[in-house]
Amino acid sequence: MTVRTRFAPSPTGFIHLGNLRSALYPWAFARKMGGQFILRIEDTDQERSSQEAVDVIIEGMRWLGLDIDEGPFYQMQRMERYRTVIAQMLQEGLAYPCYMSEVELNALREAQMANKEKPRYNGLWRPEAGKTLPPIPADIQPVIRFKNPLSGSVVWDDAVKGRIEISNEELDDLVIARPDGTPTYNFCVVVDDLDMKITHVIRGDDHVNNTPRQINILKALGGIPPVYAHLPTVLNEQGEKMSKRNGAMSVRDYERGGYMPEAVLNYLARLGWSHGDAEVFTQEQFVAWFDLDHLGKSPAQHNPEKLLWLNHHYIQHADPVDLAQRVEPFAKQLGIEYHQGPDWVGVVKLLKDRANTLIEIAEGAQLFYQKNISHDAAQLATHLKPEVIPALQEFMQRFEASDGTQPAIAAAMKETLSQHGLKMPALAMPIRYALFATTQTPAIDAVMALMGKKETLARLQNCLKIG
Ligand code: GLU
């Protein structure tokens, strides 16, 4: 059996990280089992669905490296297929037209509730051997209802929740087509899962209630129910369901916020699944380790600090050349001309160990590429005190004579300091201020090595002139 899984999002607005986790697990399972992963867009709610949301989903998946084997299929483009199946079901007696009007249905519901019964369709139009159906009203377009089994129960072994059994008496005859003939949600899902030969349905547990109905329809259509794995929801830091209203970030915000997709993938993988106490792992390891047996049974809680920590980890361990390329779009946004000035890869390499996001690296890099540095005369004077100037001049000579590498600069500073009986800040701070008009910089020897001899000495010289 080839494993076939799917991600079936409804593109109705906001797509947060929890939504993409529902793509990650079926993807990982298909990859691990050498199967196929299918993307299906459930866009039948035309009022709430949007192309923009579809784009966010597809881009988000691409960003995380969740490649699809088939699709995207759009349910709106499969309407003919659903209508054909409905016609077939009517013909085979698996479904029937129901002419109960809205008014009658409401009256039925109210009567049931008044009797403290669960509101449900009473099977008035359900054809049975020997039963006489009411006369067909002329002015009512019927809905189509599925003939749910009347007895027995639906049972499935949920890969997350264990055995679930629902008595068929709990389920009434589901409407599978509306009066205008459009198919309903649960019906489309079943036809799709059948047609797409889905073997494992891995989805949010908000669909547990739909499952018995889906299984019944699926069986009626001659299908073998897939394995179901219903994932508990992802909660936010306050323990509420994640949503835009309570501050969840869109998937796009993470990309734009300078997160590494590897970090987000690693983070999401652990949000409801575990492999011993492994916290940091590559995509390959995740796929190799992933299984349905270690999915969490209780809701996972979003932890932004952990995600940031992972992002820092991935930035720190990234290949500098690759990382530099990833920072480029953010640098451009800040107007940094990284082709002109110190070696870009070198700058990124220097900044990466302290950065939590790619944006932080870009912000740190601004220092190296700023064009017009304007010093505050008074501040410059406090830094370039008369007793510092000879030391600075000596350092400049030593630097000039050195090979300009960081160790050589460090040695030149050390020797100068000991010659003049000064401590490191006495020289480092004036140099920082002279070079950048700020004293906030990374290690100054590394910074000077990156700036290069010519530029550094020119700037220091210039300040000595002003000062
Ligand atoms: N479209 C549903 C949703 O976004 C998922 C349906 C399914 O996976 O069966 O919640």
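We count residues from 1, following the sequence as given. Just follow the structure's listing: the first ligand is 1, and inside any ligand the first atom is 1.
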Show me which atoms of ligand 1 lie under 4.0 Å from any heavy atom of [X].
X: P9; answer: 1 (N), 4 (O)
X: E42; answer: 1 (N), 2 (C), 5 (C), 6 (C)
X: A8; answer: 1 (N), 2 (C), 3 (C), 4 (O), 5 (C), 6 (C), 8 (O)

Tell me the protein heavy atom at minimum distance from [atom], and give that distance in Å.
atom: atom 8 (O) of ligand 1; answer: R6 NH1, 2.7 Å
atom: atom 6 (C) of ligand 1; answer: Y185 OH, 2.9 Å
atom: atom 10 (O) of ligand 1; answer: H207 NE2, 2.8 Å

Results of side-chain contact (heavy atoms from CB on, under 4.5 Å) for V54 - residues two or more places apart only: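 Listed in chain order: P11, I41, Q51, I58, Y74.
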field: R213 side chain vs L171 backbone, donor-acceptor pair below 3.5 Å
entry: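 Here the side-chain-to-backbone pair does not exist.
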task: Examine distances only and state if a side-chain atom of N236 and a backbone atom of E240 form a donor-acceptor pair shorter than 3.5 Å.
output: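 Judged by distance alone, yes, a pair lies under 3.5 Å.
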message: Return the CG to CD1 distance between D193 and I217, rounded to the nearest 0.5 Å.
response: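 With rounding to 0.5 Å, CG (D193) is 11.5 Å from CD1 (I217).
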field: Any N/O pair R40/ligand 1 closer than 3.5 Å
entry: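 No; the residue has no nitrogen or oxygen that sits under 3.5 Å from a nitrogen or oxygen of the ligand.
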message: Tell me whether G204 reaches ligand 1 (any heavy atom closer than 4.0 angstrom to a ligand atom).
response: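 False for this residue.
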task: Indicate whether any N or O donor in one side chain lies under 3.5 Å from an N or O acceptor in the other, for T211 and R203.
output: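 Side-chain D/A pair, T211 to R203: present.
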All N/O donor-acceptor pairs, side-chain side in residues 111-119, below 3.5 Å, sequence neighbours left out:
unit_1 : atom_1 : unit_2 : atom_2 : d
Q112   : OE1    : R120   : N      : 2.9
Q112   : NE2    : R120   : O      : 2.9
K118   : NZ     : E170   : OE1    : 3.4

